[in-house]
Amino acid sequence: MARVLSGIQPTGDLHLGNYVGAIRRWAEQQAPNHFFCIVDLHAMTVPYEADELRQGTRELATWLLAAGLDPRTATVFVQSHVREHTELAWILQCVASYGELHRMTQFKEKGEGKQGVSAGLLTYPVLQAADILLYQADEVPIGADQRQHLELSRTIAERFNHRFGETFTVPTPTFPTAGARVMDLQHADRKMSKSLPESGTLLLSDTEKATEKKIKRAVTDSGTEIRAGDDKPGITNLLDLLSAVTGEDIPTLEQRYAGAGYGTFKGEVAEAVNAFLRPVRDRRAELADEPGTVEQALHEGADRARAVAAETMAAVRDAVGLLR
Ligand code: ATP
Ligand code: LTN
């Protein structure tokens with residue numbers, strides 16, 4: 001059975017894109033050799049507040065469990081709780097080259113033209129490679145935006161194996177078939193994003209009322225027809241969204257809403273999204289009242305992750321010539 005690892009940063013509130021594009025798939029396919037890492041160390045590469053990081057890490061863990069990740073099945077853990085991540089990252093920094101890190105699009109996007117860019121932002125993808133290689137992951141489920149980072153992880157693994165002998169599994173990225181790119185409700189040409197949490201972003205933490213309001217205010221197109229097409233980006237988005245949450249295909253939905261007005265359609269999309277998120281939101285509210293459950297899950301998760309990570313690190317230390 002394939003070993004799976006993925007990671008998510010504890011930065012900001014989760015939105016429907018994160019859920020549909022990543023977390024839902026993690027939960028649906030979870031198995032005992034699947035690892036999900038809350039990458040708090042990655043969140044330190046850009047300016048942040050210490051209290052918010054701590055709070056965000058707890059919050060994200062709560063949402064992951066609420067979304068159905070079961071700590072009795074999969075391993076959910078916090079990156080900084082397993083020290084091997086930073087240890088391996090250093091060793092891999094001596095394998096990766098400055099040039100290839102400097103060429104990463106994320107570094108250019110988040111760093112270019114800014115003052116006081118951290119060295120951590122440059123070495124970010126090496127820490128990500130360490131996250132993956134420590135667990136000898138065969139598969140890494142990610143969104144399309146992470147393709148380049150995964151390519152670098154593969155390069156680092158291959159270079160290390162070539163130089164020091166077979167040590168790491170070379171990981172393969174996997175991408176979702178549906179919901180890989182949920183678009184912003186106000187800007188139909190831009191992906192829904194945590195960094196632009198405006199009225200076009202549907203947050204998991206929004207109330208049902210707020211969700212409804214955002215959907216009712218979503219941009220629509222001229223005309224009255226409910227159909228998908230390049231000339232109708234707003235309605236296409238809403239149809240995609242409805243399809244992602246109901247599992248019905250677009251032609252079926254187009255047929256159902258033929259002749260219906262935008263208002264009725266939006267009302268039904270809002271209802272479907274709220275119905276879809278209700279169990280997750282309810283479970284999240286329950287978990288908020290039992291912080292011990294989340295803490296316990298993270299504690300056990302770290303223990304399980306550590307056991308695997310320690311084994312890999314022992315082999316790495318020998319391979320690179322560190323004295324036992
Ligand atoms: P930021 O806006 O800060 O870049 P983000 O919203 O893109 O954050 P990440 O933490 O980078 O979120 O990503 C977590 C996971 O969610 C990744 O696997 C990513 O591919 C996926 N994801 C993010 N946005 C979307 C979206 N709009 N549609 C589908 N999947 C998404
Ligand atoms: N860079 C990723 C988060 C991330 C990750 C990982 C994803 C850190 N380590 C390991 C997959 C595997 C992001 O920003 N979404």
Side-chain angles (χ1 to χ4, degrees), residues 3-27 34-48 56-57 59-60 63-64 67 77-80 82 85-86 88-89 92 104-107 109-110 120-121 123-154 156-157 169 171-198 200-204 237 240-241 244-245 305 309:
R3 174 79 62 82
V4 168
L5 178 131
S6 198
I8 182 163
Q9 298 196 61
T11 46
D13 279 352
L14 286 179
H15 55 76
L16 196 66
N18 299 136
Y19 183 53
V20 168
I23 298 165
R24 173 169 66 166
R25 189 166 52 123
W26 299 353
H34 290 197
F35 293 81
F36 299 102
C37 185
I38 299 174
V39 294
D40 52 350
L41 299 170
H42 276 113
M44 298 170 65
T45 54
V46 291
Y48 73 98
T57 302
E59 278 279 316
L60 180 55
W63 277 114
L64 293 181
F77 69 104
V78 176
Q79 186 186 36
S80 65
V82 181
H85 288 249
T86 40
L88 181 59
L92 298 182
M104 290 286 121
T105 347
Q106 178 181 286
F107 177 68
E109 279 171 10
K110 293 197 178 173
L121 191 65
T123 57
Y124 177 115
V126 183
L127 180 59
Q128 183 165 351
D131 298 340
I132 298 165
L133 303 185
L134 262 183
Y135 299 89
Q136 307 286 6
D138 302 291
E139 290 175 14
V140 184
I142 42 163
D145 53 320
Q146 292 300 311
R147 194 181 285 274
Q148 196 188 35
H149 285 163
L150 249 289
E151 210 35 67
L152 183 69
S153 293
R154 290 171 58 86
I156 291 175
T169 303
T172 306
T174 63
F175 302 94
T177 43
R181 214 172 144 77
V182 174
M183 308 305 278
D184 188 280
L185 294 179
Q186 289 300 322
H187 308 270
D189 56 341
R190 179 169 96 189
K191 79 163 192 135
M192 200 175 271
S193 158
K194 277 190 282 196
S195 345
L196 298 158
E198 293 154 22
T201 305
L202 292 175
L203 298 178
L204 265 56
N237 267 353
D240 278 342
L241 202 62
V245 303

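The figures here come from the full heavy-atom set of this structure, side chains too, leaving out hydrogens, waters and symmetry mates. For ligands, and for the atoms within them, numbers begin at 1 and follow the listed sequence.
Under the 4.5 Å side-chain criterion, counting only non-hydrogen atoms from C-beta, Thr172 is in contact with Arg154. Contact annotation: the side chain of Met183 never approaches that of Asp240 to less than 4.5 Å [non-hydrogen atoms, C-beta and beyond]. Counting only heavy atoms from C-beta outward, the side chains of Val46 and Thr11 never approach each other to under 4.5 Å. Under the 4.5 Å side-chain criterion, counting only non-hydrogen atoms from C-beta, Gln146 is not in contact with Val140. Put simply, the side chain of Ile38 reaches to within 4.5 Å of the side chain of Leu64, judged on heavy atoms. For the pair Leu202/Leu241, a side-chain contact is recorded, criterion being any heavy-atom separation below 4.5 Å from C-beta on.
Residues that satisfy the side-chain contact (heavy atoms from CB on, under 4.5 Å) test with Ala309, not counting sequence neighbours, are Val82, Glu84, Leu134, Tyr135. In terms of the side-chain contact (heavy atoms from CB on, under 4.5 Å) criterion, residue partners of Met104 (sequence neighbours excluded) are, by chain and number, Phe107, Pro125, Gln148, His149, Leu152. With sequence neighbours left out, Glu139 forms a salt bridge (charged side-chain N to carboxylate O under 4.0 Å, His left out) with no residue at all.
The shortest N or O to N or O distance between Ala144 and ligand 1 is not below 3.5 Å. At a 3.5 angstrom cut-off on N or O pairs, Ile8 does not count as close to ligand 1. Between Ser193 and ligand 1, an N or O atom pair is found at a separation short of 3.5 Å. Ligand 1 has no nitrogen or oxygen under 3.5 angstrom from a nitrogen or oxygen of Ala22. On a distance-only criterion, Gly21 and ligand 1 share no N/O pair closer than 3.5 Å.
Numbered from 1 in the order shown, with element, the atoms of ligand 1 that lie under 4.0 Å from a heavy atom of Gly143 read 18 (O), 20 (O). Within the listing of ligand 1, atoms 6 (O), 24 (N), 25 (C) sit less than 4.0 angstrom from a heavy atom of His15. For ligand 1, the atoms closer than 4.0 angstrom to any heavy atom of Met192 are 24 (N), 26 (C), 27 (N).
Note on ligand 1: Thr11 sits outside its first shell, no heavy atom being nearer than 4.0 Å. Not a single heavy atom of Met183 sits under 4.0 Å from any atom of ligand 1. Taking 4.0 Å as the cut-off, Arg181 counts as a neighbour of ligand 1 on heavy-atom distance.
Between Leu204 and Leu16, the shortest heavy-atom distance links the atoms CD1-N, 3.8 Å.
Looking at Thr201, Asp145, Leu60, it is Asp145 that brings a heavy atom closest to atom 19 (C) of ligand 1. Counting heavy atoms only, Asn18 comes closest to atom 12 (O) of ligand 1 of the residues Asp13, Leu16, Asn18, Val39.
Not one N or O on the side chain of His85 forms a donor-acceptor pair closer than 3.5 Å with the backbone of Ala130.
To the nearest 0.5 Å, atoms CH2 (Trp63) and CD1 (Ile8) are separated by 12.0 Å.
Within 4.0 Å of ligand 2, counting heavy atoms only, the contacting residues are Leu5, Ser6, Gly7, Gln9, Val39, His42, Tyr124, Gln128, Asp131, Ile132, Val140, Ile142, Gln146.
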